[in-house]
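Just below is one structure, and these are the notes that go with it.
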Protein chains: 2
Amino acid sequence: MQRKSLAGTGCPVAETLDVIGEWWTLLVVRDVFRGIRRFDALQESLGIARNILARRLRALVAAGILEKRPYAERPPRYEYRLTEKGRALFPVLVTLMSWGNAWALPAESRKVRLVDAETGRTVEPLLVDAATGTPLDPRKLRLA
Amino acid sequence: MQRKSLAGTGCPVAETLDVIGEWWTLLVVRDVFRGIRRFDALQESLGIARNILARRLRALVAAGILEKRPYAERPPRYEYRLTEKGRALFPVLVTLMSWGNAWALPAESRKVRLVDAETGRTVEPLLVDAATGTPLDPRKLRLA
DNA sequence: AAAGAGGGTTGCATGATGCAACTCTATGGG
DNA sequence: CCCATAGAGTTGCATCATGCAACCCTCTTT
């Protein structure tokens, strides 16, 4: 019995999870965002089994989220980089991080913040309506 | 070999995925957001195996994301509702939906949109810095 | 008395994960 | 020349998670 695919439903949430919803996948993407690009470094950073990491990287490359490119020949060595499609996952990681800071981490823990690389100022992410700049309220919205 | 827990790393993304990162979990939450609250309705809407749905609902209740409450006695019947912690997942679902619309669905498909329940106006979600209202740019941000 | 409806549970077969050991290419000593 | 090390995976095996279908239990309706 194959694990059921979520693709082909037409629901954008399901289609997305079909691509990045497997165990470890988003954490691999998170680490690549942090600048970790090589197999061994990812494996050590995540503590993931090597065969699973290999499978995830293959799938992410096949999905067009990561790109595998040589950074040395002789001996052949590869690194993984985000494509535009992969960088577009940034808002997903940010909202997951926000929720984790607010609801999953113990209250007294030092939260992970997002800071402007130039000014060092802390950035507080917020989801708004692009047209009006007002925050989204789930109770006042429907899907269509 | 138990599937490795992602908890206890201190990373808010990992802690979040440890709670909602399993197969089907976020789709259950999505359906509850859409107003589907009962076991059989969820099962039919998702096409998920009944034993797995039961397990996911138990876990979501244990995590404080859903609340199980009787909507009838004699015969005893239950429904699942979002808690505040669960409603806080809305931005996660919205960013997943946006990414799916942009990158996972075929270009010609009718996208799922977010509309204002009162005015019917289409809402375009955007992640900004709460302080300045400027969109977040992954290249100019660091984690700290 | 029989047939749903709602909300699950149980057993079984198969897939996905975790772990450790092993491979393969190439470079750097001694 | 021979061995050790590094990087990037692959292979085998054991165990967990998922999928499916059938079943259970409590009412209510016909």
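Values reported hereafter were calculated over all heavy atoms of this structure, with side chains retained and with hydrogens, waters and symmetry mates removed. Just so we're on the same page: letters track the sequence lines, and every chain starts at 1.
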_Below 4.0 Å: OP1/OP2 of C/dG15 and any side-chain N or O of B/W23_ = no
*Nearest-Å distance, NZ (A/K4) to C1' (C/dT14)?*
15 Å
_Side chain proximity check, A/I65 to A/T25, heavy atoms < 4.5 angstrom_ = no
_Student check: side-chain heavy atoms of B/W24 and B/L53 closer than 4.5 Å_ = no
*Whole-Å distance separating the CG atom of B/D18 from the C1' atom of C/dT17*: 15 Å
*Okay, side chain of A/N101, backbone of A/V112: is any donor-acceptor separation there less than 3.5 Å?*
yes
*Distance-only side-chain donor-acceptor flag, B/Y71 / B/R37, under 3.5 Å*: no
*Does the side chain of A/L143 reach to within under 4.5 Å of the side chain of B/L114, using non-hydrogen atoms?*
yes
*asked:* I need the residues from residues 63-72 of chain B with at least one non-hydrogen atom less than 4.0 Å from DNA chain C; give them sorted by number, or say none.
replied: B/K68, B/Y71
*Flag, side chain of A/W23 to backbone of B/K4, donor-acceptor distance under 3.5 Å*: yes
Pair up each side-chain donor or acceptor in residues 7-20 of chain A with any protein partner under 3.5 Å, not counting sequence neighbours, and list the distances.
residue: A/T9; atom: OG1; partner: A/C11; partner atom: N; Å: 3.1
residue: A/E15; atom: OE2; partner: A/G8; partner atom: N; Å: 2.8
residue: A/E15; atom: OE2; partner: A/T9; partner atom: N; Å: 3.2
residue: A/E15; atom: OE2; partner: A/G10; partner atom: N; Å: 3.3
residue: A/T16; atom: OG1; partner: A/P12; partner atom: O; Å: 2.7
residue: A/T16; atom: OG1; partner: B/L96; partner atom: O; Å: 3.0
residue: A/T16; atom: OG1; partner: B/G100; partner atom: N; Å: 3.2
residue: A/D18; atom: OD1; partner: A/S5; partner atom: OG; Å: 3.2
residue: A/D18; atom: OD1; partner: A/L6; partner atom: N; Å: 2.8
residue: A/D18; atom: OD1; partner: A/A7; partner atom: N; Å: 3.4

*Of A/L26, A/L27, A/V28, A/V32, which meets side-chain contact (heavy atoms from CB on, under 4.5 Å) against A/R30?*
A/L27
_Within residues 36-59 of chain B: residues closer than 4.0 Å to DNA chain C (heavy atoms)_ = B/R38, B/F39, B/D40, B/R50, B/N51, B/A54, B/R58
*Who pairs with B/F90 by ring pair (Phe, Tyr, Trp, His ring centres under 6.0 Å), at least two apart in sequence or on another chain?*
B/F33
*What is the distance, rounded to the nearest whole Å, between atom CD of A/E22 and atom P of C/dA16?*
8 Å
*A/Y78 or A/Q2: which one's nearest nucleotide on DNA chain D is closer to the 5' end?*
A/Y78
_Heavy-atom check, side chain of A/R38 versus side chain of A/R77, under 4.5 Å_ = no
Please tabulate the protein-to-nucleotide N/O contacts below 3.5 Å involving nucleotides 24-30 of chain C, giving atom names and distances.
residue: C/dT27; atom: OP1; partner: A/R74; partner atom: O; Å: 3.3

*asked:* Please check: side-chain N/O of B/W99 versus main-chain N/O of A/K85, any donor-acceptor pairing under 3.5 Å?
replied: yes
*Between the side chain of B/T122 and the main-chain N/O of B/V115, is any donor-acceptor distance below 3.5 Å?*
no
*Check the distance between C/dG6's C1' and B/E79's CD and give it to me in whole angstrom.*
13 Å
*With distance as the sole test, does B/Q43 use its side chain to make a donor-acceptor pair with the main-chain N or O of B/A49 at under 3.5 Å?*
no
*Interface limits on DNA chain D, where chain A has a heavy atom under 4.0 Å of a nucleotide atom*: D/dA6 to D/dC20
